[in-house]
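Below is one structure, written out as structure tokens, with a few remarks after it.
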Amino acid sequence: MRRYNSQADFIKEKYGVRLQKLVVDAGFTCPNRDGSKARGGCTFCDNNAFHPNYSTPDKTITQQLDEGIEFHRGRYRHAGGYLAYFQPYSNTYASLEILRQKYEEALSHPEVRGLVVGTRPDCVDEAKLDYLAQLARNHIVMVEYGIESCYDATLEHINRGHTYAEAVKAVEMTVSRSLPTGAHFILGLPGETREMMLAAAEKINALKIDSIKFHQLQIIKGTKMEVEYASHPERFVQFSLEEYIDFFVDILERLRPDLVIERFAGEVPPRFVNSTPWGLVRNVELIRMLEKRLEERETCQGRLYNREN
Ligand code: SF4
């Protein structure tokens, strides 16, 4: 038994197999880049840093899925099925007609059992969510919102283009349709202290999400965040690897015990970042370190949840 609710265990228990996500770039853009909300995007963003090589928008969705399956087959022989993960940019930012074409092409792949749709809280509406709920009658369909911070001042500072209240509303609209709903947050955004990040756990607990992903802030080359970091490093809390693991244990203790932890850290390929303060640490190693620290501290997810709520 793990001391936290991991997504790998949750999926295996719920669906009986290990499901591997395959990133699909369906050629969507983002309202924070094309001018409808803002231009230039969030100050930390460079989507290229999160793309595997098999997933580029010049290929059809079917080609990307075929190549992704080939890529993962060599690495994870035990995947019992695949989920098309519409990850880059905002994957509900198009007409319903276009969404139908893209999602249904992915679902027609014989090895794909469902979709994970990554998007912004301000890029969903009733009609799009109704359509996803309809797809969910016959497929696995999960929605993942980039929320990044619970604090409006931070969201404004990083040019996010939406408020936390909009995120809460999008989550509520999604869970009311019984769609499994996840959220992504970044730890270490400028202006946020350790205390603020810890206090955010209470707001996260109140969000009706099923799963959560955290990433430590990484400064991607060529972004506005890189410029800010160079001129105002004092705005950023920087964690050594050991400090981050320990700090994440503090967060885990405060999160509600039923929340599925999909990820708590991750590293983009070194060519995209201006430094790699942790060295190159693989995900399995991060998980091993977290589990070891939880054991050393004799604690677990949710240990402080009841007391604080
Ligand atoms: S992080 Fe997402 S919302 Fe922000 S600019 Fe990049 S694609 Fe758009």
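All residue numbers in this chain count up from 1 along the given sequence. Read the numbers this way: they start at 1 and go in the same order the structure lists the ligands and their atoms.
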Original post:
Distance below 2.8 Å from atom 4 (Fe) of ligand 1: how many protein N/O/S atoms qualify?
Top reply: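 Every protein N, O or S atom under 2.8 Å from atom 4 (Fe) of ligand 1 counted, the figure is 1.
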**OP:** Starting at OH of Y305, measure out to CG of L255 and round the result to the nearest 0.5 Å.
**Re:**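 Answer for the OH-CG pair, Y305 versus L255, is 10.0 Å.
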**OP:** Please answer: with hydrophobic residues joined when any side-chain heavy atoms are less than 4.5 Å apart, are Y151 and L217 in the same cluster?
**Re:**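 Result: no, two separate clusters.
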**OP:** Treat each ILVMFWY residue as a node, draw an edge where side-chain heavy atoms are under 4.5 Å apart, and state whether L132 and V112 are in one component.
**Re:**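 Yes, L132 and V112 fall within the same hydrophobic cluster.
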Original post:
Which of the atoms in ligand 1, numbered in the order shown and given with their element, are less than 4.0 Å from a heavy-atom of Y89?
Top reply: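 Per the distance check, 7 (S).
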**OP:** Would you mind listing every ring-ring contact (aromatic ring centres under 6.0 Å, His included) that reaches into residues 118-138, with sequence neighbours excluded?
**Re:**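 Those involving residues 118-138 do not exist here.
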Subject >> Shortest protein heavy-atom distance from atom 7 (S) of ligand 1, along with the residue and atom involved >> reply: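 Nearest protein contact, heavy atoms only, for atom 7 (S) of ligand 1 is N47 ND2, 3.2 Å.
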For the residue pair [Y] / [X], report whether a side-chain donor-acceptor contact shorter than 3.5 Å exists.
| X | Y | value |
| --- | --- | --- |
| S36 | Y93 | yes |
| E228 | T43 | no |
| E166 | T163 | yes |

